[in-house]
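All ligand and atom numbering here is 1-based and tracks the order in the structure.
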Amino acid sequence: MDINLVQEKIENDLAGIASLQALEEVRVKYLGRKGLIAELTGSIPALPVEQRVAFGKEVNALKNKLLNFIGEKGKALKAKGGILKKNNLDIGMPGIARELGSIHPITRIIDEICTIFNRMGFSVVQGPEVETEYNNFTGLNIPLEHPSRDAFDTFYLKNYSKLLLRSHTSPVQVRAMKAHKPPLAIIVPGRVYRPDAVDASHLFMFHQIEGFLVDTNIRFSDLKGILGLFAKNVFGQDIKMRFRPHFFPFTEPSAEVDISCIICKGKGCSVCGRKGWLEILGCGMIHPNVFKQVGYDAKKYTGFAFGMGIERIAMLKYGINDIRLFFENDLRFLKQF
Ligand code: DAH
């Protein structure tokens, strides 16, 4: 038997030992009464006389090496077992992998839209979600008898009749214009609240982005240009846009803006209700009465404003058919963004 081969085999066996039990098995296999070392020793008498001494020395050296290794390894394994018992800590145990999170689709759209308007020179401003009745309605030229002021359409704070949860981001127009003189170009992302029954397209809380710009000589065509750039940036360069006359108390003239359906490209499909167009926002030229409320000279300044629902934009852009998905924290949904 080639003693070098035996040594190699032993070294391989020893390398994988991780427990005292495995170590004992290896000890018996090599050093036991019927073990390999005993076998090698037993083969000595059969050798030619002149080889016996040298071979005997080699076997002895191998045996000592083995004894030494088993002794050291035994000590090390016992010490490790000791640490494990004392601190209940297994330093060899694999760690817990941390999963990488991702940006929530609503946050993603808000960031994207704010970046588009930032590049056009708009600043991002935020306002409080608990608003005064004045900022949410009166300052925006919404008359006392307007149905949106009804408790069915707005959450009023119990015991604070003049406070409410803002029903749109437009009150930040009043705040910003009272705090700053023109020119100003501002964009306002944030949460808004309405006591709507929850279904696939309604929630009692959702997000809006408001935008407004005031300066001298601002025209409706400026509004069209800015919104056209916005729509193309969000939905693609080949998107078409149209303005439909509408009414909002805080703008005059007012319009609703549609984009050509991103699914059927205007041919008509189930997403656009066979119309070929999708409504994305409301807008208009800021009403002189709003300027009066904030103390701006309505003869000197003009401006435009617009407001849109973020969930709606996200649903159209990503093809999502139920608004509730955004807020159920279902990772199977959220991980897609
Ligand atoms: N505040 C409106 C809403 O919640 C949206 C809106 C329409 C905002 C026209 C505007 C605007 O600034 O000019 O329905």
Pairs flagged by salt bridge (charged side-chain N to carboxylate O under 4.0 Å, His left out) wherever residues 44-70 is involved - sequence neighbours left out
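Residue pairs with at least one partner in residues 44-70: there are none.
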Mind jotting down which residue pairs meet the salt bridge (charged side-chain N to carboxylate O under 4.0 Å, His left out) criterion with at least one end in residues 161-183? Sequence neighbours excluded, please.
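As it turns out, the salt bridge (charged side-chain N to carboxylate O under 4.0 Å, His left out) pairs with a partner in residues 161-183, which skip direct neighbours, are Glu131-Arg175.
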Enumerate the protein residues lying less than 4.0 Å from ligand 1, judged by heavy-atom distances, in chain and residue-number order.
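The answer is His168, Ser170, Gln173, Arg194, Gln208, Glu210, Phe248, Phe250, Thr251, Gly282, Cys283, Gly284, Ala305, Phe306, Gly307, counting any residue whose heavy atom sits under 4.0 Å from ligand 1.
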Shortest non-hydrogen contact from Trp277 to Lys240?
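Here Trp277 and Lys240 meet closest at CZ3-O, 3.9 Å.
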Run the salt-bridge test on Arg332 and Asp330 with the 4.0 Å N-O cut-off and return the result as yes or no.
yes
Salt bridge between Asp111 and Arg108, side-chain N to carboxylate O under 4.0 Å?
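No salt bridge links Asp111 with Arg108.
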Counting only pairs under 3.5 Å, give me each side-chain donor-acceptor contact of residues 279-295, with atom names and distances, residues two or more places apart or in other chains.
residue	atom	partner	partner atom	Å
His287	ND1	Asn289	N	3.0
Asn289	ND2	Asn141	OD1	3.1
Gln293	OE1	Tyr134	OH	2.6

